[in-house]
2 protein chains.
Amino acid sequence: MARKTGADGRVTAEAILRESLSLFAQYGFATVSMRQIADKVGVQPGAIYQHHRNKQQLLVAVLDTHMDGLLKASAENQQGDCTSVQALERFARFHIQYHITRPDEVFVSYMELRSLEEEGYALIEGKRRKYERILKSILERGVSDGTFQLDDPHVSAMAILSMLTGVNTWYRSGGRLSQQKIEDIYTSMVLGAVGHRLPDTHS
Amino acid sequence: MARKTGADGRVTAEAILRESLSLFAQYGFATVSMRQIADKVGVQPGAIYQHHRNKQQLLVAVLDTHMDGLLKASAENQQGDCTSVQALERFARFHIQYHITRPDEVFVSYMELRSLEEEGYALIEGKRRKYERILKSILERGVSDGTFQLDDPHVSAMAILSMLTGVNTWYRSGGRLSQQKIEDIYTSMVLGAVGHRLPDTHS
DNA sequence: GTCTATACGTTGATAGAC
DNA sequence: GTCTATCAACGTATAGAC
């Protein structure tokens, strides 16, 4: 049969990433078939292989797109001079904002690390480490200028990231609390956890 | 061919749960086949259906076993009178100890919630909520007796649980830090996050 | 770039012998 | 309770026409 004339490759490419992300988030990478993705995009399964070598590379592309977006946005967020407390607060608010508004991307990025084979894992894990280092640097600065009290910047960074990213396990938009309020609570907890006191958020 | 004589059903049943857990942790529920499990156990695929109605019920059994163990151990840990600070510290140390020594169970319990169908999900989620409520109660007590400063016990409980459970994403036994030290660091961060100060853990 | 058609392995689950 | 044998459905990926 004839091919679909007038089809735009870039549109298809974007649709593949978008629908893959959505399906992976809903059912998990292992469960989703190339057929399902093709159906959602509106092409035949074989057409996906025009854009990605195989299913594994499709997953890598999805995760890599997310990590690049995160690193770029976080770099923009961290520019400008500020104290270590301000930097930590800014980081915490940024992280929550970015993650809370992208539940699918975040979910897939954390859940499907295990589905990555060696090469893709190294790529994504490298970018994740780069992001973690941003927070670790802030903590180290706060320790050396005496603002924060903590024993181990690396462990504290990991703990804080787990705590912040955890919002996504319970937050649903339109819930009891505004996004602003959630940011406030988490920021206050993060500052407390590193041994810094806010004047008083409890009133 | 003849059946394997002298086989003990209870031994097989335990082996199925044990090997399923291990395989689910390593490869993910969706990826693991009944054949793989049967191979590890040393039986034929059909034999598993003597113990579990289908693959889904096998997953439910694995997760339910974990949740029952967690709830039982946590109930034992929380008995006896103590202040709210002591209760929180005891909870934090318990949670880390329990989770850090059972990486597979914890990993599967968090990752495969999505693989549960309605009925099984309700069962497991109910037990998870029950566990969360233990921490929430401790926080509420600490707020009402003026020991903790926090705005929302529910959100704080979720944040603390994310932080504590997060140890499992980076901790590997035999690493740089002793388990005791890790407990100390996390406990100190938890107490800080709820607005309570330790004398000085930084020396 | 997209299509149809298809190769070919693997899946969950069942039937019936022992 | 375990075995062998088997089924129908579905998986990824490729080949070659248009």
Side-chain angles (χ1 to χ4, degrees), chain A residues 1-21 23-24 26-63 108 112 114-120, chain B residues 1-21 23-24 26-63 108 112 114-120:
Chain A
M1 295 291 256
R3 74 184 183 88
K4 192 185 285 182
T5 52
D8 187 333
R10 287 166 308 184
V11 170
T12 304
E14 277 174 35
I16 290 173
L17 285 180
R18 189 180 58 245
E19 299 301 338
S20 298
L21 174 67
L23 285 168
F24 292 166
Q26 195 170 359
Y27 304 107
F29 174 73
T31 314
V32 174
S33 68
M34 297 298 258
R35 277 177 225 274
Q36 273 178 279
I37 299 168
D39 281 353
K40 281 258 189 185
V41 173
V43 296
Q44 292 294 318
I48 298 176
Y49 291 84
Q50 294 287 331
H51 302 273
H52 304 277
R53 209 177 324 132
N54 50 34
K55 199 187 173 192
Q56 172 73 201
Q57 287 302 311
L58 171 55
L59 175 61
V60 173
V62 167
L63 298 190
V108 172
E112 303 300 355
R114 61 147 50 165
S115 304
L116 288 168
E117 291 164 11
E118 207 172 47
E119 194 184 353
Chain B
M1 295 292 253
R3 72 184 185 89
K4 194 184 283 181
T5 52
D8 186 335
R10 286 165 309 182
V11 170
T12 304
E14 277 174 35
I16 290 172
L17 285 180
R18 191 180 56 244
E19 299 302 338
S20 298
L21 174 67
L23 284 168
F24 292 165
Q26 195 170 359
Y27 304 106
F29 173 74
T31 315
V32 174
S33 68
M34 298 298 260
R35 280 177 228 277
Q36 274 178 277
I37 298 167
D39 282 352
K40 281 259 189 184
V41 173
V43 296
Q44 293 295 320
I48 299 177
Y49 290 85
Q50 294 286 333
H51 302 272
H52 303 278
R53 209 178 322 133
N54 50 36
K55 199 186 173 192
Q56 170 73 203
Q57 286 303 311
L58 171 55
L59 175 61
V60 173
V62 167
L63 298 190
V108 172
E112 304 299 357
R114 60 148 49 164
S115 304
L116 289 168
E117 292 164 10
E118 207 172 48
E119 194 184 351

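In the text below, chain A, chain B and the rest are named by the order of the sequence lines, each starting its count at 1. Reckoned from all heavy atoms, side chains included, excluding hydrogens, waters and symmetry mates.
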**Q** For A:Arg53 and D:dT12, what is the distance between atoms CZ and P respectively, to the nearest whole Å?
**A** 17 Å
**Q** What does the list of N/O pairs under 3.5 Å between the protein and nucleotides 7-11 of chain C look like, with a distance for each?
**A**
unit_1: C:dT11; atom_1: OP1; unit_2: B:Ser33; atom_2: OG; d: 3.4

**Q** Quick one: A:Ile37 CD1 to D:dA13 P, roughly how many Å, whole number?
**A** 11 Å
**Q** Using side chain to side chain contact (heavy atoms under 4.5 Å, CB included), reason through A:Leu58 and A:Ile37 one step at a time and then give a plain yes or no.
**A** CA-CA 11 Å; A:Leu58 171 55; A:Ile37 299 168; 3.8 Å; yes
**Q** For the residue pair A:Gly28 and B:Arg114, what are the closest heavy atoms and their distance?
**A** CA-NH1, 2.7 Å
**Q** How long is the straight-line distance from NZ of B:Lys55 back to CZ of B:Phe29, given to the nearest 0.5 Å?
**A** 4.5 Å
**Q** Can you tell me how far C1' of D:dG1 sits from CD1 of B:Ile48, to the nearest Å?
**A** 13 Å
**Q** To the nearest Å, how far apart are A:Leu59 CG and D:dA13 C1'?
**A** 17 Å
**Q** Between B:Thr12 and D:dT2, is there a contact of a side-chain N or O with OP1 or OP2 at under 4.0 Å?
**A** yes
**Q** Measure from the side-chain heavy atoms of B:Ala47 and tell me the nearest of D:dC3, C:dG12, D:dA13.
**A** D:dC3
**Q** Which residues satisfy the side-chain contact (heavy atoms from CB on, under 4.5 Å) test with B:Gln36, sequence neighbours excluded?
**A** B:Leu23, B:Tyr27, B:Val32, B:Ser33
**Q** Nearest to the side chain of A:Tyr49, which nucleotide is it out of D:dG1, D:dC3, D:dT14?
**A** D:dT14
**Q** Which nucleotide wins on minimum distance to the side chain of B:Asn54, given the candidates D:dT2, D:dA13, C:dA13?
**A** C:dA13
**Q** Over all heavy atoms of both residues, which pair between A:Ser115 and A:Leu59 is shortest? Give the atoms and the distance, please.
**A** CB-CD2, 3.7 Å
**Q** Please give, in whole Å, the distance from D:dG11 P to A:Gln56 CD?
**A** 18 Å
**Q** Which distance, rounded to the nearest 0.5 Å, do you find between the CD of B:Glu19 and the CD of B:Glu14?
**A** 12.0 Å
**Q** Applying side-chain contact (heavy atoms from CB on, under 4.5 Å), can you list everything that pairs with B:Ala61, at least two apart in sequence or on another chain?
**A** B:Leu17, B:His52
**Q** Using whole Å, what does the distance between atom C1' of nucleotide D:dT12 and atom CZ of A:Phe29 come to?
**A** 11 Å
**Q** Contact class for B:His51 vs. all strands (heavy atom < 4.0 Å): base, sugar-phosphate, or nothing?
**A** sugar-phosphate
**Q** Taking only side-chain nitrogens and oxygens of B:Gln44, does any of them come within less than 4.0 Å of OP1 or OP2 of D:dT4?
**A** yes
**Q** Output the rounded distance in Å from CD (B:Gln50) to P (C:dC18).
**A** 18 Å
